[in-house]
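What follows is a set of notes on a single structure, which appears directly below.
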Amino acid sequence: MTISEASAIPHGSRVLVTGANSLVGSNVADRLLSRGYRVRGTVRNAQRHQWLGDLFRGKYGKDSFELVQVQDIQRPGAFDEAMKGVSGVAHVVTIFAGPNDGPDEVFESIKQLDHNVLASAAAEPSVKRFVYTSSCQAANTMGLDDLDGKTVITSETWNKTAIQRAKTGSPAEWRRGFDIYSASKALGEQGIWEWVREHKPRFVVNTVLPSLCYGASLDPENQGFPSTLSWPAAIIRNDWASVSEHVKANLPNGGYCVGIEDAALLHVAALTNPTVQNERLFAYGWPFFWNDLATIYRTIFPNRELPTDLPARDKDADLLDVKPSRRSEDLLKEMGKPGWSSLKEIIVANAYGLV
Ligand SMILES: NC(=O)c1ccc[n+]([C@@H]2O[C@H](COP(=O)([O-])OP(=O)(O)OC[C@H]3O[C@@H](n4cnc5c(N)ncnc54)[C@H](OP(=O)(O)O)[C@@H]3O)[C@@H](O)[C@H]2O)c1
């Protein structure tokens, strides 16, 4: 057996994925299933997400996927039942703040959620691996508006600016919601590592830090184009107005993006690769201005009407020097990929089901 075939959890064993209906959760489940693992996915409303079970059981067999409902994810013990007998946990779900939620309230809710999941995992002897979905926003912003000058990112980098701004900034700030989200990811991930230091669990913990995930919808009809997939989808649909307010409040000029498949595969590496232990796996991917995405679509689909007035390159966008990026790319290569999927590949994949 080669190193890449060795697995830190038994081949064919079951992995728990929290928030399995989400863009990231569904793709983590899909990549685990494609490599022969079984998945138990939690959602808040099982009835609404039957399509997920139909999709995965259709693709991977009737015993491959179980959908379980965990309605109140903050209730202590909420994940105890779902945790039974799993060898690994991909803790993907977070609590996205509503427009009236204060930052402290959001941070406290996420802390409670994360401790629930960790406590259930610690009480289940079969758990050998735990991966936490963080975000590159936990380390340093990927927003081109906020970047000025080359910035080096190491495994020790944290987004102190977002934490500071979330705590002290004004609710009227245009990027208030994004600051609170970014700080929630930084504090959430720091909370995971603090818990590990304090509790010294018998399972290995890793984290994954993706930037904006783009790529193909798993099921254009039933899943549609959720979360960040909706942004390139709005370009190919020539319907930028449907997302422009949200984009303006987060990343007006553009940011960094990564293929959803690569982000999901890094979760699989964190769960199964014996060499990945106590690591933060970074996935910043490619810098882009919004017009770069339209330009790619214009080349591939020359007859489509596309937005012509998106923010375009006016400076060097590649301002981040992400030192741990090579480690993530090497893990993707061990899993049989030539490296990161290119910007063009992921943007074109994002149009699948729309053209
Ligand atoms: N998408 C990206 O580009 C990206 C990049 C980096 C990291 N991430 C991380 O990946 C994870 C999933 O994000 P996503 O973009 O894939 O999400 P998504 O597709 O928008 O789905 C959101 C998920 O979060 C749940 N959720 C939202 N608000 C909630 C609340 N108040 N209480 C409980 N559950 C709530 C939703 O449950 P319901 O369906 O029941 O509402 C759903 O499962 C998050 O941890 C996010 O920070 C995402």
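Just follow the structure's listing: the first ligand is 1, and inside any ligand the first atom is 1. In this text, all values refer to a predicted model and were calculated from it rather than measured experimentally.
Counting protein heavy atoms only, atom 22 (C) of ligand 1 is closest to Phe96 CE1, 3.6 Å. Nearest protein neighbour of atom 21 (O) of ligand 1, counting heavy atoms only, is Ser22 CB, 3.3 Å.
A perpendicular orientation is assigned to the rings of His91 and Phe130, their planes being inclined by more than 60° (bins at 30° and 60°).
For Asp101 (side chain) and Ala97 (main-chain N/O), no donor-acceptor pair under 3.5 Å exists by modelled atom type. The backbone N or O of Ser134 lies less than 3.5 Å from no partner atom in the side chain of Glu189, so there is not a single donor-acceptor pair.
At a cut-off of 3.5 Å, with distance as the only test, a side-chain donor of Asn273 or Glu334 sits close to an acceptor on the other residue. A donor and an acceptor atom, one from each side chain of Asp30 and Asn27, are nowhere located under 3.5 Å apart.
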Report task. Determine, stepwise, if the pair Lys150 / Asp321 fulfils salt bridge (Lys or Arg N to Asp or Glu O under 4.0 Å). Result -> CA-CA 7 Å; Lys150 267 284 187 225; Asp321 179 6; over 6 Å; no
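Applying the 4.0 Å criterion to heavy atoms of Leu23 picks out, from ligand 1, the atoms 1 (N), 16 (O), 18 (P), 19 (O). Of all the atoms in ligand 1, the ones that sit under 4.0 Å from a non-hydrogen atom of Tyr181 are 7 (C), 8 (N), 46 (C), 47 (O). Residue Ser227 approaches ligand 1 through these ligand atoms, each under 4.0 Å from one of its heavy atoms: 1 (N), 14 (P), 15 (O), 18 (P), 19 (O), 20 (O). Close contacts between ligand 1 and Ser211 involve ligand atoms 3 (O), 5 (C), 6 (C) [criterion: under 4.0 Å to a heavy atom]. Proximity to Val93 (heavy-atom distance under 4.0 Å) selects the following atoms of ligand 1: 24 (O), 25 (C). Within ligand 1, the atoms closer than 4.0 Å to a non-hydrogen atom of Val24 are 10 (O), 16 (O), 48 (C), numbered from 1 in the order shown. Numbered from 1 in the order shown, with element, the atoms of ligand 1 that lie under 4.0 Å from a heavy atom of Lys185 read 44 (C), 45 (O), 46 (C), 47 (O).
Within the structure, the closest approach of Leu212 to ligand 1 falls below 4.0 Å when heavy atoms are considered. Ligand 1 does not have Ser26 within reach: every non-hydrogen atom of the residue lies 4.0 Å or more from it. Every heavy atom of Ala97 sits 4.0 Å or more from the atoms of ligand 1.
In this structure, of Leu113, Val43, Thr94, the residue bringing a heavy atom nearest to atom 26 (N) of ligand 1 is Thr94.
At under 3.5 Å, not a single nitrogen or oxygen of Ile95, backbone or side chain, sits near a nitrogen or oxygen of ligand 1. In terms of N/O distances under 3.5 Å, ligand 1 is approached by Asn21.
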